[in-house]
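A short worksheet on the structure shown next.
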Amino acid sequence: MDASRTSPLTHDELNALVDGQLTPGQRAAAMAQVADDPLAGETLTAWQDQREALRGLHQKLLDDPIPETLLAAVQRSTRERQTLDPWWRWGGMAAGVLLAFAVGWTAHGQFGNRGSYAAGQAARASQAFARQATLAHAAFAPEVRHPVEVGAAQQEHLVQWLSKRLGKPLKVPLLSSQGYELVGGRLLPGDGGARAQFMFQNAAGVRVTLYLGALDGSPVAGKPVDAETAFRYSNDGPVPAFYWMDQGFGYAMSGPVAREELMRLAELVYQQL
């Protein structure tokens with residue numbers, strides 16, 4: 001790597017830097033370029049954080065000793081191959097170790113931590129739901145002529161239509177105490193089926209949306225309500241959102257407003273629905 005070059009580092013070079021694949025001289029030259037390139041510095045930091053997060057995800061599993069039964073199986077395989085050709089012998093040992101690691105990972109990670117795995121699935125599903133809500137808001141809130149499919153003047157028809165499509169009785173929450181009135185709503189597709197979006201607007205023209213629908217991977221019936229309906233804040237999207245789950249149904253309140261105001265709107269929706 002040329003220390004005098006002026007072109008920015010490529011993604012391959014940044015990857016090599018993160019993975020420690022550069023020689024000391026190459027690393028010094030790369031770090032010098034990163035120091036002069038804020039964008040490369042941000043990318044490097046993000047990738048390093050991501051690498052550490054991935055390492056920590058299963059660190060406990062990697063630190064666990066291999067079960068004695070699997071070690072014994074590897075040793076038996078080794079003894080049985082002592083009379084074979086050396087290449088086959090070493091190949092068998094490698095395969096045995098890999099098998100032991102794979103079986104151990106499955107036993108510890110999948111069966112021993114089934115509850116954690118299910119909780120992780122639910123968390124990922126709810127985060128994806130929140131992001132879809134913010135994307136839907138960004139797609140339709142700026143519209144001037146067609147922000148909704150059915151306007152507030154036809155609220156009864158809107159609620160009946162969306163209730164039928166989502167398979168659950170719905171109602172429109174009243175947000176007038178916070179200065180927001182219904183604009184209307186629309187039907188949207190989602191990962192687990194149909195989704196609904198209700199749009200509200202205040203006197204200043206600011207719009208917020210309520211996005212709701214069945215949520216794949218959500219907690220099953222019988223789980224404590226406090227754990228299931230806890231509000232979560234997300235700014236991983238075009239606008240921030242507060243989202244929560246209730247008996248397998250997801251709700252997300254999104255809009256370009258302060259966190260405190262969005263929280264008040266979400267609490268108002270939760271109390272009414």
If only atom types and distance count, is the side chain of K168 paired as donor or acceptor with the main-chain N or O of A214 below 3.5 Å?
-> no

Would a hydrophobic clustering, with Ile, Leu, Val, Met, Phe, Trp and Tyr connected at side-chain separations under 4.5 Å, put L175 with V159?
-> yes

Decide if the gap between the ring center of F231 and the ring center of Y233 is smaller than 6.0 angstrom.
-> no

Heavy-atom nearest pair, S234 first then A130, reads CB-CB, 4.5 Å

Between atom CD of Q160 and atom CD of Q155, what is the distance when rounded to the nearest 0.5 Å?
-> 11.0 Å

Might you work through the side chain to side chain contact (heavy atoms under 4.5 Å, CB included) test for L210 and L273, ending with a clear yes or no?
-> CA-CA 11 Å; L210 173 63; L273 299 186; 3.9 Å; yes

To the nearest 0.5 angstrom, please state how far the CD atom of Q178 sits from the CZ atom of F200.
-> 12.5 Å

Nearest heavy atoms of F129 and L212, plus distance in Å = CZ-CA, 3.9 Å

To the nearest 0.5 Å, tell me how far K164 NZ sits from L187 CG.
-> 12.0 Å

About how many Å separate CG of L170 and CZ of F249, when rounded to the nearest 0.5 Å?
-> 5.5 Å

Whether S176 side chain and E181 backbone form a donor-acceptor pair below 3.5 Å | no

Here the pair of heavy atoms bringing L262 nearest to P240 is CD2-O, 3.6 Å

How far does CE of M253 sit from OG1 of T209, to the nearest 0.5 angstrom?
-> 6.5 Å

Minimal non-hydrogen separation, L158 against G185, with atom names = CD2-N, 3.6 Å

Would you call M31 and R27 a side-chain contact if the rule is heavy atoms closer than 4.5 Å?
-> yes

Are any side-chain N or O atoms of E13 and backbone N or O atoms of A30, one a donor and one an acceptor, separated by less than 3.5 Å?
-> no

Any idea which heavy atoms bring R207 and Q201 closest together, and the distance?
-> NE-OE1, 2.6 Å

Keeping the roles fixed (side chain from R131, backbone from D236), state whether a donor-acceptor pair exists under 3.5 Å.
-> yes

I would like to know whether F140 and V148 meet side chain to side chain contact (heavy atoms under 4.5 Å, CB included); could you show each step before the answer?
-> CA-CA 7 Å; F140 299 109; V148 296; over 6 Å; no

Side-chain (Q26) to main-chain (T23) donor-acceptor, under 3.5 angstrom | yes

Can you hop from V239 to V183 via hydrophobic side chains spaced under 4.5 Å?
-> no

Check the pair T134, Y243 against side chain to side chain contact (heavy atoms under 4.5 Å, CB included), reporting the backbone distance first and the verdict last.
-> CA-CA 11 Å; T134 64; Y243 63 101; over 6 Å; no

Evaluate the side chain to side chain contact (heavy atoms under 4.5 Å, CB included) criterion for residues V269 and F242: first the C-alpha distance (whole Å), next the side-chain angles of each, then the deciding distance (0.1 Å), finally the verdict.
-> CA-CA 11 Å; V269 170; F242 270 104; over 6 Å; no

Taking all non-hydrogen atoms of both residues into account, name the closest pair between A194 and L166 and its distance.
-> O-CG, 3.6 Å

Donor-acceptor under 3.5 Å (R186 side chain, P147 main chain) = yes

Y211 with L135, same ILVMFWY side-chain cluster at under 4.5 Å = no

Donor-acceptor pair, side chain of Q272 and main chain of L174, under 3.5 angstrom | yes

